[in-house]
Amino acid sequence: MTTTLKRELRDIIQYRNAYLLAFSATTGYVCFGWEIGLIGGVITLPSFQEYFGLSSESASARASLSANIVSVLQAGGFFGALFSSYFASRFGRKPALITSGVIYLIGSIIQSTAGIGTSSAVGLKVLYFSRFFGGMGVGLMSALVPAYVSECAPRAIRGRCTGCIEVSVGLGNMLAFWVNYSVSLNISPGQMQWRLPFIAQIIPGALLVFFMLFQPESPRWLVERGHYDEAAAALAYIARKDQDDDAVVLTLGEIRADFVGKHRLPLLTQFRKMGESKIIFLRCIIASIATFFQQWSGTNAINYYAPEIFAGLGFSSTSSALFATGIYGVIKFVVTCMTLAFVIESWGRKRTLIYGGLAQGLMMLWLGGYAGIHPGQGIVPATYVSIVAIYLYGVFFCLGWGFTPFVLGSEVAPGHLRMAAMSLAAATTWLFTYVIAQITPILLDRITYGTYLLFGVASLIMAAWVYIFIPETTGYPLEDIKYLFERDIILRSLEDAPLGWIFLGKRRAVSVEELKAADILPTNSPKDISEELRLEDASARGHSLRTSNSQGCDDPLII
């Protein structure tokens with residue numbers, strides 16, 4: 001353990017610029033997590049319900065209004081994510097991220113002042129608008145951050161850097177949960193009791209805008225726009241090396257070669273090119289499939305409606321339900337940090353998704369069985385086991401499906417289509433987060449324990465999908481991941497899967513090294529592409545010859 005901690009400390013020092021970049025960008029996901037964790041607790045506060053007239057409504061009308069207040073954020077997030085590709089491709093990742101932070105700040109300020117000087121009915125409409133507007137900012141962040149971080153992080157720590165997303169989500173969730181609990185306990189019922197959580201969420205938005213001012217633009221976006229000197233400077237800053245260092249020169253050459261003939265593709269062209277071949281389509285759609293599955297794991301059902309779920313397990317008071325929710329947030333945050341530090345790079349993407357999916361599915365199946373056998377609200381010994389099962393679900397979700405889909409999706413998408421693929425994946429996330437936010441109260445009311453069984457079975461299906469169809473991407477440069485999908489995808493996926501050899505027999509997939517060696521330029525390629533590739537190759541070979549002791553492509557700092 002001591003040796004591991006020393007190695008982790010050494011890595012943090014060596015890669016400190018990359019970690020700082022990831023920390024700065026993923027502050028946007030603190031906003032994301034805060035928005036998700038905030039509203040579920042706020043709408044349970046009697047002061048909020050009384051101010052907006054919810055307390056006088058029937059139970060069904062109150063449930064419908066609560067679902068609308070929760071889900072309108074997802075509607076804004078969907079459109080923000082959908083348009084993120086245009087803004088990121090046109091203006092760059094960094095300016096688009098800063099803009100998303102400004103939009104979020106404006107939305108948060110309006111949320112915190114909703115209803116001041118107006119009637120409760122008008123105030124409720126203002127709240128709807130402000131959550132939609134702020135959701136557009138969060139939607140932009142949700143698509144931009146994974147693409148930006150994956151394009152900047154050295155491959156040796158790319159999983160951790162992109163995995164900081166879920167740490168940030170967990171931190172935002174946890175802070176929002178505890179702010180809700182604190183105001184319910186320490187602030188007397190009134191406007192400030194429910195306004196303070198909205199005011200507090202301004203802080204992470206301001207930090208995102210401030211931190212991003214000092215970070216470089218994505219080197220891959222700079223190469224795409226033809227700004228090679230700026231791209232070299234960005235790579236050198238991230239790797240903490242000189243611009244003429246082997247790692248920087250070789251990485252820049254590989255990126256330039258990957259973008260040959262693909263510079264400045266219009267947004268519609270990017271989406272059209274996503275279907276130019278089966279392999280390209282598969283690589284682009286994996287991120288959307290993974291985030292679709294993530295939403296059907298049930299995580300946001302718990303995030304949004306945890307107070308109601310804990311109340312159904314026997315927590316009768318609002319403060320006790322919020323306290324239990326706060327504990328859930330702490331557990332998720334701590335486990336995410338541990339997974340990020342010790343699991344994501346050692347286990348890889350595939351195993352975390354498989355093990356996490358199986359375990360979280362079993363926890364949901366237990367909850368469904370408990371709710372079916374014991375539909376009342378009385379406390380029995382199995383109640384405590386069920387509460388532990390919810391906490392364990394949070395543990396296993398953070399182990400795999402919490403952030404690995406973002407890591408995997410941003411890695412497998414082609415470089416020239418990455419922003420389009422991630423914007424589509426983020427839009428999928430927001431669309432089905434909206435669906436889950438809308439249907440969870442209905443499911444809990446009508447099919448009760450079947451809600452947990454649905455999420456449990458979905459988690460098992462998710463694990464099976466990864467086991468059969470997703471190869472391991474850990475340790476490969478972004479420009480080499482394409483070879484994982486060239487041939488024998490299922491064979492390669494089973495080779496990388498736990499006990500996959502049982503299904504393979506003597507069959508083996510063609511290795512990445514063999515595919516890379518055979519990847520020569522077609523003879524009918526355009527002359528300008530041939531010439532550019534020739535120059536890139538000559539430049540890389542010449543630099544390698546000048547430094548015979550170079551680590552070359554094995555340098556862990558190569559991005």
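All residue numbers in this chain count up from 1 along the given sequence.
- Taking all atoms of both residues into account, the shortest heavy-atom contact from Leu45 to Ser184 is CD2-CB, 3.7 Å.
- Between the side chain of Glu217 and the main chain of Lys94, a donor-acceptor pair closer than 3.5 Å is present.
- By the 4.5 Å heavy-atom criterion applied to side chains, Phe397 and Ser459 are not counted as neighbours.
- Here the CG atom belonging to Leu140 is positioned 8.0 Å from the OG1 atom belonging to Thr99, to the nearest 0.5 angstrom.
- Within a 6.0 Å radius of CD in Gln438, other residues, nucleotides and ligands contribute more than 12 heavy atoms.
- Of all heavy-atom pairs between Leu105 and Ile202, the closest is CD2-O, 3.3 Å.
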Quiz prompt | Pair Ser423-Phe271, side-chain contact (heavy atoms from CB on, under 4.5 Å): steps then yes or no | solution = CA-CA 10 Å; Ser423 68; Phe271 282 109; 3.9 Å; yes
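- Between the side chain of Ser168 and the main chain of Thr26, a donor-acceptor pair closer than 3.5 Å is present.
- A 4.5 Å side-chain heavy-atom check between Val149 and Ser410 finds every atom pair outside the cut-off.
- Residues Met274 and Ala421 share a closest heavy-atom pair of CE-CA, 4.3 Å.
- When atom types are taken as modelled, the side chain of Ser288 and the backbone of Cys284 share no donor-acceptor pair closer than 3.5 angstrom.
- In plain terms, the two heavy atoms of Ser100 and Leu208 that are nearest each other are OG-CD2, 4.3 Å.
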Quiz prompt | Criterion side-chain contact (heavy atoms from CB on, under 4.5 Å) on Met192 and Ile199, from CA distance to verdict | solution = CA-CA 10 Å; Met192 288 308 298; Ile199 295 172; 4.2 Å; yes
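- With 3.5 Å as the limit, one finds a donor-acceptor pair spanning the side chains of Ser297 and Tyr393.
- Less than 6.0 angstrom separates the ring centroid of Phe32 from the ring centroid of Trp430.
- Relative ring orientation between Phe292 and Phe432 is described as perpendicular, the plane-to-plane angle rising above 60° on a 0-90° scale split at 30° and 60°.
- Note that OG of Ser112 and CD of Gln191 are 11.5 Å apart. Values are rounded to the nearest 0.5 Å.
- Ring geometry for Tyr355 versus Trp347: interplanar angle over 60°, hence perpendicular rather than tilted (30 to 60°).
- Looking at Met462 and Leu353, their side chains never come closer than 4.5 Å, going by heavy atoms from C-beta outward.
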Quiz prompt | Leu185 vs Phe323, side-chain contact (heavy atoms from CB on, under 4.5 Å): CA-CA, chis, key distance, verdict | solution = CA-CA 10 Å; Leu185 199 65; Phe323 178 78; over 6 Å; no
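- Arg195 places a side-chain N or O within donor-acceptor distance of the main-chain N or O of Ala114, the cut-off being under 3.5 Å.
- Between the side chain of Thr291 and the backbone N or O of Ala425, at least one donor-acceptor pair lies under 3.5 Å.
- For the pair Met363 and Val395, the minimum side-chain heavy-atom distance is 4.5 Å or more.
- In this pair, Trp401 and Phe293 present their aromatic rings perpendicular. The plane angle is above 60°, beyond the 30 to 60° band.
- Residues Trp366 and Ile390 have side chains not in contact (no heavy-atom distance under 4.5 Å, counting atoms from C-beta outward).
- For the residue pair Gln201 / Ser108, a side-chain donor-acceptor distance below 3.5 Å is found, with atom types taken as modelled.
- Taking CD1 of Ile43 as the reference point, atom CG of Asn180 lies at 10.0 Å (rounded to 0.5 Å).
- Here the CD atom belonging to Gln74 is positioned 11.0 Å from the OG1 atom belonging to Thr429, to the nearest 0.5 angstrom.
- Pairs of residues two or more places apart, or lying in two chains, never qualify as side chain to side chain donor-acceptor pair (under 3.5 Å) while including a residue from residues 169-178.
- Taking each heavy atom of Ala287 and Met422 in turn, the nearest pair found is CB-SD, 4.1 Å.
- Considering only heavy atoms from C-beta on, Val183 comes within 4.5 Å of Pro197 through its side chain.
- For Thr451 against Leu444, the heavy-atom pair with the smallest separation is OG1-N, 3.5 Å.
- Within 6.0 Å of the CZ atom in Phe91, the count of heavy atoms belonging to other residues, nucleotides or ligands exceeds 12.
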Practice problem: With side-chain contact (heavy atoms from CB on, under 4.5 Å) as the test, would you mind laying out the steps for Phe210 and Ser24 before giving the verdict? | Solution: CA-CA 9 Å; Phe210 175 76; Ser24 301; over 6 Å; no
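- Here the side chains of Thr383 and Tyr370 are in contact, with some heavy-atom distance below 4.5 Å.
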Could you pull out every donor-acceptor pair under 3.5 Å between side chains of residues 128-138 and any protein atom, sequence neighbours left out?
residue	atom	partner	partner atom	Å
Ser130	OG	Val126	O	3.1
Ser130	OG	Leu127	O	2.9
Arg131	NE	Ile69	O	2.7
Arg131	NH1	Glu35	OE1	3.2
Arg131	NH2	Val70	O	3.3

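- Annotation: the span from Phe211 atom CZ to Leu21 atom CG amounts to 12.5 Å, rounded to 0.5 Å.
- To the nearest 0.5 Å, atom OG1 of residue Thr474 and atom CD of residue Glu411 are 6.5 Å apart.
- For residues 46-85, the set of pairs meeting the ring pair (Phe, Tyr, Trp, His ring centres under 6.0 Å) definition, not counting sequence neighbours, comprises Phe48-Phe52, Phe48-Trp194, Tyr51-Trp194, Phe52-Trp194.
- Contact annotation: the side chain of Leu431 never approaches that of Gln295 to less than 4.5 Å [non-hydrogen atoms, C-beta and beyond].
- Using modelled atom types, no side-chain atom of Trp221 and backbone atom of Glu151 make a donor-acceptor pair closer than 3.5 Å.
- Checking Ile203, Leu171, Val179 one by one against Trp34, the side-chain contact (heavy atoms from CB on, under 4.5 Å) holds for a single residue, Val179.
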